[in-house]
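In what follows, every chain begins at residue 1, and chains take the letters A, B, ... in the order their sequences are listed. Below, all heavy atoms of this structure are taken into account, side chains as well, without hydrogens, waters or symmetry copies. All values reported here derive from a predicted model rather than from experimental measurement.
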Number of protein chains: 2
Amino acid sequence: MITIYDIAKRANVSAMTVSRVINNSGRISAGTREKVKRIMEELNYIPNSTARSLVKQETKMLSLLITDITNPFFTTLARGAEDAAHQFGYKLLFGNSDEKLSKEKEYVDMVLSTRVDGLLFAPASDASAEHLAMLNVHRIPFVLVDREVPGVEADMVLGENRAGAASLTEYLVSLGHTRIALVNGLGTVSTARERHAGYREALERHRIPYDESIILEYGYNRFDDLDQLDRILRMPDPPTAIFAANNMLAVSIIGYLRDKGIGVPEHMSVVCFEDVGMASKLDPFLTVAVQPAYEFGYRGIRLLIERIRSKDEMERRVIRLPSDMIVRKSAGAPPDRL
Amino acid sequence: MITIYDIAKRANVSAMTVSRVINNSGRISAGTREKVKRIMEELNYIPNSTARSLVKQETKMLSLLITDITNPFFTTLARGAEDAAHQFGYKLLFGNSDEKLSKEKEYVDMVLSTRVDGLLFAPASDASAEHLAMLNVHRIPFVLVDREVPGVEADMVLGENRAGAASLTEYLVSLGHTRIALVNGLGTVSTARERHAGYREALERHRIPYDESIILEYGYNRFDDLDQLDRILRMPDPPTAIFAANNMLAVSIIGYLRDKGIGVPEHMSVVCFEDVGMASKLDPFLTVAVQPAYEFGYRGIRLLIERIRSKDEMERRVIRLPSDMIVRKSAGAPPDRL
DNA sequence: TTGTATGCGTTATCAG
DNA sequence: CTGATAACGCATACAA
């Protein structure tokens with residue numbers, strides 16, 4: 001490996017001089033600067049950032065922890081995060097918790113020892129508080145993205161889940177639906193609670209009774225126990241519409257309905273939070289509330305970098321990003337009205 | 001920051017003893033081991049891997065460079081890579097070249113200075129050879145994934161593009177099509193060349209004339225200049241089917257046809273290489289050749305780790321992964337036969 | 001079983 | 001404008 005000493009020897013200067021030209025620090029005569037630069041080129045020298053990190057106590061690495069790398073929302077978010085990081089001279093370490101606390105913990109341990117300069121964190125659930133506490137112990141700055149955690153004070157980039165869910169629900173109501181099922185994420189995740197609140201709020205506004213028996217809960221990426229859905233379909237007064245709290249759930253639900261021969265939207269209307277990536281381009285079918293996923297990532301990283309630079313002197317910042325309802329074809333009037 | 005010296009002082013041992021219990025190396029009396037461990041717990045000690053990397057000359061970090069982070073093929077590949085890396089105790093640094101050589105170069109420079117132990121590399125084009133050469137200069141092991149580069153000898157995980165493309169084409173032929181357009185990726189990318197070869201091979205096998213005027217070339221992620229497509233649609237004898245060389249192209253083409261009021265498959269059959277993620281779950285519509293994307297990533301990382309461990313003593317390995325044709329509904333008999 | 005000296009590649013500090 | 005020295009946190013080699 002070529003080091004600054006190799007360069008120094010060849011250039012007949014000290015290692016410090018080489019270091020200075022690399023970092024453009026201190027005054028250096030044009031002559032030696034050119035000479036050193038030339039030799040660095042010749043020898044294909046590349047600074048060792050490990051060594052630099054050790055002395056400077058910073059790695060210029062940020063970490064992004066998401067809960068589902070196969071979900072287009074998170075990959076688009078990742079894209080935004082990567083762009084921002086790259087733009088500001090940071091590298092990005094990715095992690096995928098799969099919505100699992102155990103994987104999340106392993107990942108937190110990993111980044112702790114890697115000494116990243118900061119973390120953009122999408123917590124798997126409220127229980128992530130414990131992992132966040134570890135970050136605090138070790139003074140690693142972090143920004144929460146997409147989800148918040150009760151009791152944890154931090155910079156955050158969140159969606160307007162409540163308003164978005166209310167709009168989607170009201171849209172169904174405007175179509176004539178009064179029996180609207182909610183297939184939600186787990187109650188331990190803030191977005192699920194907020195979407196639930198928005199749903200309920202819309203119902204109340206229109207004096208539609210809230211019925212717990214048509215509220216279902218699943219993990220955002222694990223739609224396994226279909227019996228629950230089956231149960232509400234077999235009710236004497238089954239729902240005529242389903243509000244799925246995220247895209248994966250919506251996709252699974254529609255597949256399930258298709259297998260049962262239940263047409264969407266003829267027999268059942270379906271809307272959901274989050275767009276479905278390529279699917280909506282291939283066939284603009286699903287009516288959704290789209291979140292600005294790229295912005296989540298981009299602004300999250302920016303916030304994080306500002307936090308790192310300002311240490312604890314900046315006051316806490318929370319950004320709320322609105323979602324945008326896109327009406328397509330998966331919801332229509334309830335069948336009994338036709 | 002807590003260091004091994006802090007632990008050592010509290011435990012009345014030397015730093016080396018602490019280092020030994022951390023690494024389970026050398027013989028240590030059960031007593032001191034326990035004592036040291038307890039104190040590490042108390043102080044929330046976490047080893048500084050930057051320092052460790054510097055002395056051990058390895059970072060336990062691998063890097064994955066893909067060309068499109070929004071393409072489900074690559075995110076699934078990434079998922080496999082991450083699983084493998086995690087399983088073998090490596091961290092994964094992600095990069096996204098966007099099919100652009102300039103971004104690829106920046107990324108290569110970055111990882112070079114980060115001193116990752118190895119790279120899983122999906123080259124943007126044949127011109128990536130230059131960047132690969134830089135890796136060789138600095139003795140960074142790498143494995144090529146999805147695409148190969150002429151003149152570059154390396155371990156690789158590739159798809160059976162030729163056979164897959166031939167199957168897809170033959171399927172169209174079996175449906176009765178004889179005018180089949182190919183909307184391909186750039187000729188500077190190995191997969192595009194191989195898919196083209198497979199297409200041509202199938203045509204020849206069935207004595208169908210090969211017509212260059214219905215071969216189009218686009219970047220895999222940039223389907224902009226639609227005039228080309230328009231031109232072949234207006235031909236006196238337009239194609240009755242289109243073979244899109246990747247998923248993004250297929251999605252764009254179908255959107256374009258839809259806007260023109262051309263129904264798929266009634267007026268035009270469309271098939272493509274690569275599945276379309278959620279879209280195929282939401283509506284199993286597109287007939288495709290699916291590649292085992294997860295395996296690409298998982299096996300790529302395994303190959304890379306084996307290469308790192310064996311230095312240059314292992315012989316070169318090339319893994320070819322077959323694709324699987326899934327017949328859905330986007331292709332049918334040519335309209336003039338109905 | 002445990003400790004001491006040294007070095008990994010770089011930068012901060014202070015001296016010249 | 002340039003250089004010598006120490007330090008970052010840890011592990012290797014050797015000694016005790």
Decide yes or no for [X] and [Y]: does some side-chain heavy atom of the first lie under 4.5 Å from some side-chain heavy atom of the second?
X       : Y       : result
F74(A)  : T75(B)  : no
E148(B) : V318(B) : no
H131(A) : L101(A) : yes

Review point. Is the count of non-hydrogen atoms from other residues, nucleotides or ligands lying under 6.0 Å from R33(B) atom CZ greater than 12?
Key: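 Atom CZ in R33(B) is crowded, with more than 12 foreign heavy atoms closer than 6.0 Å.
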Practice item. Please check if atom CZ in R139(A) has more than 12 non-hydrogen atoms from other residues, nucleotides or ligands closer than 6.0 Å. Key: no
Exercise for review: Would you jot down, in residue-number order, the residues of residues 28-43 of chain B having a non-hydrogen atom under 4.0 Å from DNA chain C?
Suggested key: I28(B), S29(B), T32(B)
Point to revise | Any T17(B) side-chain nitrogen or oxygen under 4.0 Å from OP1 or OP2 of dT2(C) | key: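 No, no such contact exists.
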For residues 15-22 of chain B, dump all side-chain donor-acceptor pairs below 3.5 Å to protein atoms at least two apart in sequence or in another chain.
unit_1, atom_1, unit_2, atom_2, d
T17(B), OG1, S14(B), OG, 3.3

Exercise for review: Determine, stepwise, if the pair Y294(A) / D83(A) fulfils side chain to side chain donor-acceptor pair (under 3.5 Å).
Suggested key: CA-CA 9 Å; Y294(A) 183 93; D83(A) 283 354; 2.5 Å; yes
Exercise for review: Start with the C-alpha distance between K37(A) and E41(A), add both sets of side-chain angles, then the distance that settles salt bridge (charged side-chain N to carboxylate O under 4.0 Å, His left out), and finish with yes or no.
Suggested key: CA-CA 6 Å; K37(A) 280 200 167 173; E41(A) 290 271 326; over 6 Å; no
Practice item. Any chance you could list the contact pattern along nucleotides 6-16 of chain D? Use B for base contacts, S for sugar-phosphate-only contacts and - for none, protein heavy atoms under 4.0 Å, 5' to 3'. Key: --BBBBBB---
